[in-house]
Undergrad: 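Below are the structure tokens for one structure; questions will follow.
By convention in this document, chain letters (A, B, ...) are assigned in the order of the sequence lines, proteins followed by strands, and residues within each chain are numbered from 1. Both backbone and side-chain heavy atoms feed into the values below; hydrogens, waters and symmetry mates do not.
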Number of protein chains: 2
Amino acid sequence: MNSSHFSISLHILTLLDQVKGQLLNSEYIAGSINCNPVLVRKELANLHKHGFVQSKEGKGGGSTLAKNPAEINLGDVYWAVKQKKLLGESKNEPNPDCPVGKQITKHLTDLYDDAETALVKSLSSKTLKDFSAGFK
Amino acid sequence: MNSSHFSISLHILTLLDQVKGQLLNSEYIAGSINCNPVLVRKELANLHKHGFVQSKEGKGGGSTLAKNPAEINLGDVYWAVKQKKLLGESKNEPNPDCPVGKQITKHLTDLYDDAETALVKSLSSKTLKDFSAGFK
DNA sequence: TCATACTGTAACTATTTTTATTACAGAACA
DNA sequence: TGTTCTGTAATAAAAATAGTTACAGTATGA
């Protein structure tokens, strides 16, 4: 993955949990994250696509959680938010005429898949409720 | 982390293992990875700093492993190569006047540390020898 | 019904990060 | 002493990320 998608999404979800069903608009959320409201709306669009949030358009609109925070686990958020490989790969194709270059992509993929599985397992052991409960 | 540092470093180490002590120069390695030789030399400089490789300057020079591949584990390579956070954070500081913004950086850091520990544990279960043995 | 305040989305710009290139001093070798 | 490397810096190009502007569509309520 990378870039700040996961951090921003989790920040959004935490805010929405903290206000317990109240609608928050993108400007308010952006104010907490300190980023552009359009970025927040894009992130919300993705969270919506994956069923984590609901939004209401028009005046007085905003977003709220679409499920119980105890049923949102952070591993699922990870998958929903993921866009790129966790561990980057070389932009160019390795040399197919080299015995190592020819096979390395597959071997790296296998290695990274295992590592990512371990990472997600760790994230999945926590729910949004757990995470949010840490804020006091 | 991210960008392709880890992939490139592991590609280099695998090549060096495969040739069993023979010196490989940066141009040859770059040819296998399909990237710029200067990038390889920078990556080698970092691997050298962390004791994984040795280099010989001058004509006929190149690099070779500095330790037994059975004693290089991929978790250690991860730490040696890591430059950035595994999971990105928002570039801007969250709003310190918001109860969530004020604390989220610490909470994200804790969460990511756990996740990274799990990831590294997975990587550490394999050595360069293991990884390289997969190439036939 | 009309001004207002939102979302959703696209198009574009700016900034930052990553990768590639050029260049060259110094080392080893033949 | 010419050649072929490393090591490293400086710079340029390319790609990824974030910010901005703009606006159609939707809900609200005066």
Undergrad: Taking only residues two or more places apart in sequence, or in another chain, which ones meet A/Leu39 in a side-chain contact (heavy atoms from CB on, under 4.5 Å)?
TA: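 Applying side-chain contact (heavy atoms from CB on, under 4.5 Å) to A/Leu39 gives A/Ile8, A/Cys35, A/Asn36.
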
Undergrad: Between C1' on C/dA5 and CG on A/Leu24, what's the gap in Å once rounded to a whole number?
TA: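 It is 15 Å, rounded to the nearest whole Å.
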
Undergrad: Between C1' on D/dT8 and NE2 on B/His48, what's the gap in Å once rounded to a whole number?
TA: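 It works out to 14 Å between those atoms.
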
Undergrad: Do you see a donor-acceptor pair shorter than 3.5 Å between the side chains of B/Tyr78 and B/Ser124?
TA: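 B/Tyr78 vs B/Ser124: no donor-acceptor pair found between side chains.
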
Undergrad: First locate atom OG of A/Ser125, then atom CG of A/Leu74, and finally report the distance between them rounded to the nearest 0.5 Å.
TA: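 Those atoms lie 8.0 Å apart.
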
Undergrad: For A/Asp76, check salt bridge (charged side-chain N to carboxylate O under 4.0 Å, His left out) against everything at least two apart and list the hits.
TA: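 Listed in chain order: nothing, the list is empty.
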
Undergrad: Are the side chain of A/Ser4 and the backbone N or O of A/Ser7 linked by a donor-acceptor pair below 3.5 Å?
TA: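 Judged by distance alone, no pair lies under 3.5 Å.
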
Undergrad: Heavy atom of residues 53-63 of chain B under 4.0 Å from DNA chain C: which residues?
TA: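 Per residue number, the list reads B/Lys56, B/Glu57, B/Gly58, B/Lys59.
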
Undergrad: Assign a letter to each nucleotide of nucleotides 15-22 of chain D from its 5' end: B, base within under 4.0 Å of a protein heavy atom; S, sugar-phosphate only; -, no contact.
TA: -SSSBBBB

Undergrad: Sequence neighbours excluded, which residues qualify as side chain to side chain donor-acceptor pair (under 3.5 Å) partners of A/Asp114?
TA: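 By the side chain to side chain donor-acceptor pair (under 3.5 Å) rule, A/Asp114 matches B/Lys126.
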
Undergrad: Mind checking the OG-CD1 spacing from A/Ser63 to A/Ile29? Nearest 0.5 Å is all I need.
TA: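 CD1 of A/Ile29 is found 5.5 Å from OG of A/Ser63.
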
Undergrad: Who passes side chain to side chain donor-acceptor pair (under 3.5 Å) against A/Gln18, sequence neighbours left out?
TA: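 Counting only residues at least two positions away or on another chain, A/Gln18 forms a side chain to side chain donor-acceptor pair (under 3.5 Å) with A/Ser132.
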
Undergrad: Could you check how far CD1 of B/Ile29 sits from P of D/dC5, rounded to whole Å?
TA: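 Spelled out: CD1 on B/Ile29 to P on D/dC5 is 12 Å.
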
Undergrad: Round to a whole Å and report the spacing from CG of B/Leu44 to C1' of D/dC5.
TA: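 Result: 13 Å.
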
Undergrad: Nearest-Å distance, CG (A/Leu16) to C1' (C/dT7)?
TA: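 Taking CG of A/Leu16 and C1' of C/dT7, I get 14 Å after rounding.
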
Undergrad: Whole-Å distance between C/dC29 P and B/Asn25 CG?
TA: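 From B/Asn25 CG to C/dC29 P: 15 Å.
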
Undergrad: Salt bridge between B/Glu116 and B/Lys82, side-chain N to carboxylate O under 4.0 Å?
TA: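 The answer is yes: the pair qualifies as a salt bridge.
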
Undergrad: Could you give the NZ-to-P distance, from B/Lys49 to D/dT8, as a whole number of Å?
TA: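 After rounding, the reported distance stands at 10 Å.
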
Undergrad: What is the separation between atom CG on B/Asn46 and atom P on C/dT19, rounded to the nearest whole Å?
TA: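 Nearest whole value for this atom pair: 14 Å.
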
